[in-house]
Number of protein chains: 2
Amino acid sequence: MRLVVARCSVDYTGRLTAHLPLAPRLLIVKADGSVLVHSDGGSYKPLNWMTPPCTLTTSRRDDEEALEDPEGEWIEQWDVVHDKTGDRLRVRLVEVFEDSSHELGIDPGLQKDGVEAHLQALLAENIDTLGEGWSLVRREFFTAIGPVDILARDESGGSVAIEIKRRGEIDGVEQLTRYLELLNRDPLLAPVRGIFAAQAIKPQARVLAADRGIDCVTLDYDALRGIDDAESRLF
Amino acid sequence: MRLVVARCSVDYTGRLTAHLPLAPRLLIVKADGSVLVHSDGGSYKPLNWMTPPCTLTTSRRDDEEALEDPEGEWIEQWDVVHDKTGDRLRVRLVEVFEDSSHELGIDPGLQKDGVEAHLQALLAENIDTLGEGWSLVRREFFTAIGPVDILARDESGGSVAIEIKRRGEIDGVEQLTRYLELLNRDPLLAPVRGIFAAQAIKPQARVLAADRGIDCVTLDYDALRGIDDAESRLF
DNA sequence: ACATGTATGTCGTGG
DNA sequence: CCACGACGTACATGT
């Protein structure tokens with residue numbers, strides 16, 4: 001990883017064209033050749049960047065040459081070209097304040113907990129919180145247009161398709177609607193009810209779900225985890 | 001902006017919990033207090049981060065204290081707490097390879113060109129590329145559920161709602177469908193046809209659009225721009 | 001402040 | 001390799 005702090009201008013040409021006027025910025029060149037251009041604010045997202053796989057070539061001008069050129073007084077130029085899309089990033093460095101390199105090695109990676117996958121697992125294990133006598137058929141029930149999060153049977157043996165979201169918004173209801181349309185064409189399953197389950201459901205999503213005959217359920221992550229813990233203590 | 005390269009471990013607790021085991025990484029502290037944790041690959045997105053507004057407090061341990069503690073041999077700890085959500089990021093530094101600071105100032109900002117807004121303006125100005133005798137009614141025609149990109153009239157005076165996307169995918173068709181449902185309830189406008197316009201349209205989106213009776217049009221950005229240039233030269 | 005739609009989204013997963 | 005869905009999505013814009 002190479003870290004450069006420099007006064008520079010940046011141009012990007014690819015899915016769009018963009019230009020950054022001359023100013024001091026942080027430039028990061030990663031081991032895979034990818035480049036990030038960061039300002040001292042507006043975090044997370046770089047002002048400009050190039051994703052791997054890409055190729056970086058650098059060229060220099062000596063001071064005299066730079067001084068002669070009235071247009072751009074840059075002393076070093078980076079040309080980064082994306083290997084597949086041909087997107088281009090050009091960085092022109094005018095004044096370099098820092099330039100250092102470090103060997104970091106490959107990162108062991110992030111361990112996550114508490115995302116949708118986890119919610120799904122918890123609800124699948126505690127499917128009877130939706131109703132007494134309910135049973136799990138499958139998690140990630142595959143259809144031609146994508147996986148249904150949970151397929152279950154209610155107390156009377158009827159099929160229920162459950163879509164789980166951390167946040168319940170309108171496109172989640174659309175997604176479940178598409179699944180229900182498809183599932184209800186299968187005579188072995190039909191009729192299939194829909195349940196839209198989320199930690200919080202927006203009013204618009206609720207209205208749309210009601211209009212489509214889909215039930216809404218709010219999930220309490222901590223409560224589900226609590227049930228799960230309580231159950232595992234029995235063993 | 002402070003740049004630190006260090007062997008560190010990171011823990012995040014907030015919308016989820018996440019842990020990064022001890023490894024060498026780049027830590028960036030921006031002027032607004034936000035923190036980014038980057039590895040030497042997998043670009044653009046930090047492994048972990050804290051967005052502003054947030055507060056960073058640092059604490060140190062002297063070497064003896066660190067050596068006595070068999071658990072964690074960290075010598076410096078950063079606690080970053082988000083001012084509004086209470087999300088927490090904790091970084092424990094074990095070995096520091098670099099620690100530098102720079103004053104960058106406020107960035108003049110990015111100039112963009114070629115996104116959806118531009119496509120919309122170009123198509124609005126050249127609405128007759130969709131058919132002879134077509135006319136523009138409004139750009140950003142406002143409805144209760146959001147703005148329709150372009151509302152136009154075809155050669156026979158019929159209403160046409162146009163949804164524009166850079167890339168035509170399934171959710172764009174869903175969006176247009178919702179608009180059409182609503183617009184067709186307005187007796188002054190109905191019947192309203194739909195056109196899904198994009199630089200490239202995915203097969204699935206095409207199929208769904210056909211199923212909904214929506215026409216697809218691919219837009220040639222350069223051609224539209226060319227027409228526009230040619231027209232402006234007439235004045 | 002909240003809601004909505006876009007993104008050079010990025011990133012994983014499964015076919 | 002492509003398609004799809006999740007994301008601590010982030011981010012700008014309009015009310």
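Values below: every heavy atom of this structure, side chains too, minus hydrogens, waters and symmetry copies. Everything numeric here is computed off the predicted structure, so don't read it as measured data.
The pair B:R212-B:E174 counts as a salt bridge, with a side-chain nitrogen and a carboxylate oxygen less than 4.0 angstrom apart.
Regarding contacts with the backbone of D:dC4, every side-chain N or O of A:Q175 stays at 4.0 angstrom or more from both OP1 and OP2. In this model, the phosphate group of C:dA1 is approached by a side-chain N or O of B:K84 to a distance below 4.0 Å at OP1 or OP2.
For A:R138 and C:dG14, the CZ to C1' distance is 13 Å, given to the nearest whole Å. To the nearest angstrom, C1' of D:dG5 lies 12 Å from CD of A:Q120. Separating the CG atom of B:L36 from the P atom of D:dG8 is a distance of 15 Å, rounded to the nearest angstrom. In this structure, NE2 of A:H118 is placed 15 Å from P of D:dG8, rounded to the nearest angstrom. Taking atom CD1 on B:I164 and atom P on C:dG5, their separation rounds to 15 Å, with Å as the unit. B:N48 places its CG atom 16 Å from the P atom of D:dC7, with the value rounded to the nearest Å. Distance CG (B:L16) to P (C:dC11): 16 Å, rounded to an integer number of Å. Distance, B:L47 CG to D:dG8 P: 12 Å, rounded to whole Å.
Scanning all heavy atoms of the two residues, the minimum distance from A:S34 to A:P52 falls at CB-CD, 3.5 Å. Listed here is the closest heavy atom pair of A:F196 and A:A205: CE2-CB, 4.4 Å. When all heavy atoms are compared, the tightest approach of B:E140 to B:P147 is OE1-CB, 3.3 Å.
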List the protein contact pattern of nucleotides 10-15 of chain D with one symbol per nucleotide (5' to 3'): B for base contact, S for sugar-phosphate-only contact, - for none; contact means a heavy-atom distance under 4.0 Å. SS----
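When only modelled atom types and interatomic distance are considered, A:H38 and B:K30 share a side-chain donor-acceptor pair under 3.5 Å. For A:R193 and A:S159, the side-chain atoms include no donor-acceptor pair closer than 3.5 Å.
How far CG of B:L119 is from NZ of B:K165: 11.0 Å, rounded to the nearest 0.5 Å. With rounding to the nearest 0.5 Å, the separation of CZ in B:F141 from CD1 in B:I162 is 13.0 Å.
Within the nucleic acid shown, A:K202 has no heavy atom closer than 4.0 Å to any nucleic acid atom. Nucleic acid contact class of A:E163 (heavy atoms, under 4.0 Å, all strands): sugar-phosphate only. Across all strands, A:Y179 comes closer than 4.0 Å only to sugar-phosphate atoms, never to a base (heavy-atom distances).
B:L123 places none of its side-chain heavy atoms less than 4.5 Å from the side chain of B:D149.
Taking atom C1' on both nucleotides, C:dT10 is separated from C:dT6 by 14 Å, rounded to a whole Å. Taking atom C1' in both C:dG9 and C:dG5, the straight-line distance is 13 Å, to the nearest Å. A gap of 22 Å separates the P atoms of D:dC4 and D:dG8, to the nearest Å.
For A:Y12, the listed nucleotide lying nearest its side chain is C:dT8; candidates were C:dT4, C:dT8, D:dG8. You'll find that the side chain of B:K112 is closest to C:dT8, out of C:dT8, D:dG5, D:dG8. For A:R178, counting side-chain heavy atoms from C-beta on, the closest listed nucleotide (C:dT8, C:dA1, D:dG5) is D:dG5.
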What does the 5'-to-3' dot-bracket notation of DNA chain C look like when only Watson-Crick and G-U wobble pairs under 3.5 Å count, and pairs to other strands show as |? |||||||.|||||||
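Where B:H82 and A:G146 each meet DNA chain D at their nearest nucleotide, the meeting point lying more 5' is that of A:G146.
Crowding of B:R178 atom CZ: a count of heavy atoms from other residues, nucleotides or ligands under 6.0 Å exceeding 12.
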